[in-house]
Amino acid sequence: MYILTIILGVVLFNIVVTGQTLEKRPISLPCALLRCYTNVDCEREPNNRCCLLCPQKKRCYYKKRWYDHGQSFKDSCNTCFCNNGNVGCTKKMCPPAGCYHNGQFYPEGSSFKDDCNNCTCKQGTVSCTEMACGGPCLYKGKLYKLGQAMPSERKCWYCYCRRGERYCTPPMCPACVGPIRPGQCCPDCSGIGLQTEQM
C-alpha cells in the first residue's frame with residue numbers, strides 16, 4: 001500500500017493504492033495551512049471555502065455596443081463607466097451634435113444641398129459631392145459661359161447665365177412717375193431727389 005497526495009486547486013486528495021484498487025480520500029486541512037493564489041479582493045463563497053472565489057464580472061451593453069467591466073468610454077461629451085453590467089455616465093449638457101456649413105447648422109446625420117451638390121453631416125464633418133454647378137447655358141443655339149450676359153426679349157432687362165439657365169432681372173429705375181423717353185429704360189426724373197428701386 002502506498003499513498004499519493006494530489007492538490008487540485010485548493011482541495012487536497014490522498015490516492016491510496018492497495019493491490020489492484022485505488023481509493024480517493026479528501027484531506028481536511030485548516031485554512032491557515034492553505035495558500036490561496038489571488039490578490040483580488042473578493043467575498044468568500046457561502047460555504048466558507050478557505051480561498052476566495054471571484055465571480056465573473058458582467059459586461060455592459062450600451063447604445064448598441066458592448067463594454068468590459070471596468071471600461072470607461074465617451075458618450076458625446078460625457079464619460080461613462082461599465083460596472084458589473086451597469087453603466088453610469090456624467091450628465092453634462094453637451095452641445096447639439098451636428099455640423100456648420102456656410103454659416104448654417106445641420107443636425108448629425110442630416111442631408112442637404114449646397115448649390116447643385118448633395119451634402120451630409122456625419123460626426124461633425126460635412127462631406128459633399130463635387131459636381132461643377134452652373135454649367136454653360138444654351139440659348140437659341142448659342143452657348144454662354146457662367147455669368148456671361150445673354151440677350152433679353154424685354155427691353156432694358158438684364159439677362160445672364162446662372163447654373164445652366166438664363167436668369168433675367170428688370171432695370172433699376174428711380175421711383176418716380178415720369179415719361180420714358182425713346183432709347184431710355186427708366187422714366188426721366190431729373191431734378192427730383194428720389195430713391196432708386198426695381199420696377
Side-chain angles (χ1 to χ4, degrees), residues 9-10 36-46 49 51-154 157-173 195-199:
V10 294
C36 299
Y37 296 96
T38 181
N39 57 3
V40 180
D41 185 22
C42 301
E43 294 183 13
R44 293 192 189 281
E45 281 195 325
R49 277 191 187 179
C51 290
L52 304 176
L53 183 64
C54 296
Q56 184 69 29
K57 298 292 184 180
K58 294 179 187 172
R59 296 179 78 206
C60 301
Y61 188 71
Y62 184 76
K63 294 192 176 179
K64 300 181 182 178
R65 289 194 63 193
W66 284 100
Y67 299 93
D68 292 327
H69 168 74
Q71 184 178 357
S72 63
F73 53 94
K74 295 294 261 179
D75 179 11
S76 190
C77 69
N78 286 292
T79 302
C80 300
F81 187 79
C82 172
N83 183 18
N84 198 22
N86 298 307
V87 174
C89 297
T90 58
K91 297 189 183 226
K92 297 178 192 171
M93 288 293 294
C94 303
C99 311
Y100 280 93
H101 184 70
N102 293 336
Q104 178 77 29
F105 178 79
Y106 297 94
E108 178 69 24
S110 64
S111 296
F112 55 94
K113 288 279 223 185
D114 181 3
D115 203 0
C116 67
N117 286 291
N118 295 315
C119 301
T120 304
C121 170
K122 189 171 184 182
Q123 296 179 345
T125 303
V126 172
S127 60
C128 299
T129 57
E130 296 181 0
M131 297 187 299
C133 303
C137 300
L138 180 63
Y139 182 71
K140 294 187 177 180
K142 185 176 177 186
L143 276 178
Y144 295 86
K145 293 179 185 175
L146 183 64
Q148 185 177 359
M150 299 176 70
S152 169
E153 286 80 32
R154 297 176 77 177
W157 280 56
Y158 175 72
C159 297
Y160 61 99
C161 176
R162 182 177 135 191
R163 295 184 188 167
E165 295 181 25
R166 184 176 71 120
Y167 281 84
C168 297
T169 58
M172 296 291 288
C173 294
Q195 194 172 347
T196 301
E197 66 177 36
Q198 272 193 344
M199 287 178 68

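What you see below is based on every heavy atom in this structure, not just the backbone, and it leaves out hydrogens, waters and symmetry mates. For this chain, numbers begin at 1 and follow the sequence in order.
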>> With rounding to the nearest 0.5 angstrom, report the CZ to SG distance, Phe81 to Cys89.
In response: 11.5 Å
>> Can a donor-acceptor pair be found, under 3.5 Å and without considering hydrogens, that links the side chain of Arg59 to the backbone of Cys82?
In response: no
> Residues two or more places apart in sequence or in another chain: which of them pass ring-ring contact (aromatic ring centres under 6.0 Å, His included) with Tyr67?
Replying inline: Phe73
> Going from CG on Leu138 to CZ on Arg166, what distance comes out if it is rounded to the nearest 0.5 angstrom?
Replying inline: 12.0 Å
>> Nearest 0.5 angstrom please: Cys60 SG to Asp68 CG, how far?
In response: 9.0 Å
Do any side-chain atoms of residues 103-112 form donor-acceptor pairs under 3.5 angstrom with protein atoms, and if so which ones, sequence neighbours left out?
{"residue": "Glu108", "atom": "OE1", "partner": "Gln123", "partner atom": "N", "Å": "3.0"}
{"residue": "Glu108", "atom": "OE1", "partner": "Gly124", "partner atom": "N", "Å": "3.3"}
{"residue": "Glu108", "atom": "OE2", "partner": "Gln123", "partner atom": "N", "Å": "2.5"}
{"residue": "Ser110", "atom": "OG", "partner": "Pro107", "partner atom": "O", "Å": "2.7"}

>> With a 4.5 Å cut-off on side-chain heavy atoms, are Pro171 and Trp157 touching?
In response: yes
> Sub-3.5 Å donor-acceptor pair from the side chain of His69 to the main-chain atoms of Lys58, do we have one?
Replying inline: no
>> Tell me every residue that passes side-chain contact (heavy atoms from CB on, under 4.5 Å) with Ser127, counting only those two or more places apart in sequence or in another chain.
In response: Thr120
>> If we ignore hydrogens and angles and just use 3.5 Å, is the side chain of Asn78 paired with the main-chain N or O of Lys92 as donor and acceptor?
In response: yes
> Which value, rounded to the nearest 0.5 Å, describes the distance between Met93 atom CE and Ser76 atom OG?
Replying inline: 10.5 Å
> With side chains defined as the heavy atoms from C-beta onward, is the minimum distance between Tyr167 and Cys137 less than 4.5 Å?
Replying inline: no
> Between the main-chain N or O of Arg154 and the side-chain N or O of Ser152, is there a donor-acceptor pair closer than 3.5 Å?
Replying inline: yes
>> Considering only residues two or more places apart or on different chains, which pairs with a residue in residues 140-150 satisfy salt bridge (Lys or Arg N to Asp or Glu O under 4.0 Å)?
In response: Lys140-Glu153
> What residues form a side-chain contact (heavy atoms from CB on, under 4.5 Å) with Asp114, not counting sequence neighbours?
Replying inline: His101, Asn102, Cys119
> What salt bridge (Lys or Arg N to Asp or Glu O under 4.0 Å) pairs are there with at least one residue in residues 69-86, not counting sequence neighbours?
Replying inline: Lys63-Asp75
